[in-house]
Amino acid sequence: MSKLKIQNTLENTKEEFIPVDPSNVRIYACGPTVYDYAHIGNARMAVVNDLLVRLLRTLFPKVTYVSNITDIDDKIIEAAQTADIPFQELTLKFEAIYNEDMAALGVHRPDVQPRATDHIAEMIALTKTLVKLGHAYEIKGHVLFHVPSFEKYGCLSGRNRDEQIVGSRVEVAPFKKDPADFILWKPSPDPLPGWDSPWGFGRPGWHLECSAMSEKTLGLPFDIHSGGMDLTFPHHENEIAQTCSAHKKINNPKYFAKYWFHNGFVNVEGEKMSKSIGNIRLVHEMIKEYKGEVLRMTLLSAHYRQPLNWTKGIIKQNSTMLDRLYRTLKDLEHIDAYTNNHALPQNILEGFYDDLNTPKVIAELNILTNKVSKADEEEKSLIKYCLLETGKILGILQQAPREWLGYGQSKNLDEVTIENLIKERNEARRKKNFEMADSIRKKLKESGIEIEDTSNGTTWRSN
RNA sequence: GGCUCGGUGGCAGAGUGGUUAUGUAGGGGCCUGCAAAGCCUUGCACAGCGGUUCGAUUCCGCUCCGAGCCUCCA
C-alpha cells in the first residue's frame, strides 16, 4: 500500500506525509501580492498547490486549504500612487482578476482566502507579544524582530548566519541592532495608507501577515506551509521565527507547520522571468491564445520542484498530448467508464504518491491510451475510468471530448455552408473528380475546418 | 564566500545497480483516391575522470558546466 511522500524543505528530505489531525488536513499557501496581473510563475504555485490539495482530498475526509491575498505592501502603494487611485481599488481589482485567471487554469478557490488588511488587529497583537517576550524592539517608529533571539533561525533554509554575506544584495538599515533583524511594523508618513498602533500610525511588514493569518485560519500547528522556492528565505524563515517565538516554542520550528512545500521557478525561453528583461508571461494574456487546460498541462509536465522552461514548443507539445488523450476519450465515448473499481492502477498512484511525480503519472496515461487499440470492452471501460479519475486529480480531461477537439464547431464559417461544401465534395468524390474534391477540402482548411473521412461518413472539426 | 538543486536521446521529461520510461519530432510500413485521425515498426541517451561492484546512467569522490537563494522576487 503506497503512502504519500512529499519533499519537506524543513528536513531537506522526502518524508511520508502524516497529518497532525487526519480528520482535518490543513494547508497554507503564500498567495499573491495583488498589484498587477498574475504571471505564469504565480500560476505554477497555484496549480501545484491545487494539485496537492486535490490529491490530499482523495486520501483524507477533510482538507482545509488557505491561501492569502497580500493587499498591503510597498509595491501596492507604489502602483496605486502611479495609477492615482486608492490602494484598495487596485488590490480589489487585481484580486478579482487573479481569481478569474486561476479559475481559467482549473484552480479551485481556496477554502479561505484571507486578506492582510482584514487582519491588522491580529498582526498588531502578534507584534505586541513579540515585543513583550523580548523578541522584538521598537526604534524610530519601527518594530523589528531581533533575529539572534531565535536560535533556530536558518533551520528551514539550511543557512548558518555566520557564513552568509550580510546585506549582499540589500543595504542594511542603520538602526538595526543586528543586520538580520527584519521589520514587523513600520511607520506610514502622512499620505501613505496605515493603521493606528501602539507604535504610531503605520503598516505591517510583509512576513507578519502570514504568521497572523495562518494561525487565525488554521490553528497551530498545521500540516503544510507552501509557496514558491524563493520564499524559503527569508520569508518563511521569518514566519517561523515570529510564530514560534510568540508561542515560546523557540526550539520547535514544527510547532508552526510540519511540512514545508516549495515549488520551483518558471523560466522563459531559457532566461529568468523578470520585468527588466521584459519577458513576463501573464496568465491573463496567455489564456487568450491557449486553452487554460493546455497551460495547466504544461505546468504539470515537469516535476513541481524542477525549473520549468516556458517556451512555445512545450506548450505545443502539451497541447498535442492533451488532444491525443481527449481523442482516446472520444474513441471511448460509447463505452461506460468502469464503476466497480475505485482504485487507480498502482503505477499511477505511485506517481502521485512519490512527491507528486506528474510526468510519471502523465506517462502512465499515455501508456493506457496505447493499450486501447488492443483492449476488449471491459479493458476499455477501465481505461476510460482511469483517464477520467486521474484527470480529476490532475485537473484535466473533464471536458466533453468532441467539444475539446472542435467537432461541429467553426469560427469562420456557418454550419450550413460547411455541410453544403462537404456534400459537394462527396458528390465530386463519387464522380471521381478528385481535383474538385481536394480543392473544396483545401478551401475548408483555409477557413480552419479539418475534414475527416471515416467509415461512418465525413466529419469536420475546427482546427 | 555560504546554502540548495541540476547536467539523460533533435526537443520535452521520468526513472533505475543488470531488463522498452513516456510524449514529441525524424525513418519505414499499414489504412486512405488524397488527406486527417489511427495502427504497426525503427534510429537516437544517460557531462568528464577515477573508485566501489561480477556489473553503474543509477552509489561514492573529484573535475567541468549550469541554475536559484544569501533580507520583502512565485
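None of the values given here were measured: they were computed from a predicted structure. Note on naming: letters A, B, ... go to the chains in the order of the sequence lines (proteins, then strands), and numbering restarts at 1 for each one.
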Subject >> G43(B) versus G27(B) - spacing of their P atoms, nearest Å >> reply: 16 Å
Original post:
Pick from Leu52(A), Asn357(A), Val48(A), Leu51(A): which one makes a side chain to side chain contact (heavy atoms under 4.5 Å, CB included) with Tyr304(A)?
Top reply: Val48(A)
Subject >> Integer angstrom distance from the P of G23(B) to that of U58(B) >> reply: 26 Å
Subject >> hbond_proxy Arg441(A) side chain to C34(B) base (donor-acceptor, 3.5 Å cutoff) >> reply: yes
Subject >> Between U8(B) and U57(B) - P atom distance, rounded Å >> reply: 15 Å
Original post:
Picking from A74(B), A37(B), U71(B), which would you name as closest to the side chain of Glu452(A)?
Top reply: A37(B)
Subject >> P spacing across the pair G26(B) / C11(B), given as an integer number of angstrom >> reply: 15 Å
**OP:** Give a yes/no on whether any side-chain N or O of Asn347(A) is located under 4.0 angstrom from OP1 or OP2 of A21(B).
**Re:** no
Original post:
Counting only Watson-Crick or G-U wobble pairs whose two distances fall under 3.5 Å, which nucleotide matches C62(B)?
Top reply: G48(B)
**OP:** Check the side chains of Glu138(A) and Trp185(A) for a donor-acceptor pair under 3.5 angstrom, ignoring hydrogens and angles.
**Re:** no
**OP:** Take atom P in U24(B) and the same atom in G38(B), then report the distance between them in whole Å.
**Re:** 8 Å
**OP:** Write down the distance between CD (Glu237(A)) and P (G2(B)), rounded to a whole number of angstrom.
**Re:** 19 Å
Original post:
Does the side chain of Asn357(A) get closer than 4.0 angstrom to OP1 or OP2 of G13(B) through an N or O atom?
Top reply: no
Original post:
Reckon Lys75(A) has a side-chain N or O less than 4.0 Å from the OP1 or OP2 of C73(B)?
Top reply: yes
**OP:** Go through Asp181(A) and Phe175(A) one step at a time and tell me if the side chain to side chain contact (heavy atoms under 4.5 Å, CB included) criterion holds.
**Re:** CA-CA 10 Å; Asp181(A) 291 353; Phe175(A) 50 75; over 6 Å; no
**OP:** Validate the cation-pi geometry between Lys291(A) and Trp404(A): distance from NZ or CZ to the six-membered ring centre under 6.0 Å, angle to the ring axis within 45°.
**Re:** yes
**OP:** For A14(B) versus A47(B), give the span between their P atoms, rounded off to a whole number of Å.
**Re:** 15 Å
Original post:
Donor-acceptor pair under 3.5 Å: do we get one between Asp73(A)'s side chain and the base of C72(B)?
Top reply: no
**OP:** For nucleotides C65(B) and C59(B), find the distance between their P atoms and express it as a whole number of Å.
**Re:** 22 Å
Original post:
G13(B) and C62(B): how far apart are their C1' atoms, nearest whole angstrom?
Top reply: 28 Å
Subject >> Any Arg327(A) side-chain nitrogen or oxygen under 4.0 Å from OP1 or OP2 of A36(B) >> reply: no
Original post:
Does the ring of Phe265(A) lie flat against the base of G68(B), closer than 5.5 Å centre to centre with planes under 30°?
Top reply: no
Subject >> Side-chain N,O (Lys272(A)) to OP1/OP2 (C69(B)) below 4.0 Å >> reply: yes
**OP:** Answer with base, sugar-phosphate or nothing: what part of the nucleic acid does Arg44(A) contact at a heavy-atom distance below 4.0 Å?
**Re:** nothing
Original post:
Which base, if any, makes a Watson-Crick or G-U wobble pair with G33(B), both distances under 3.5 Å?
Top reply: none
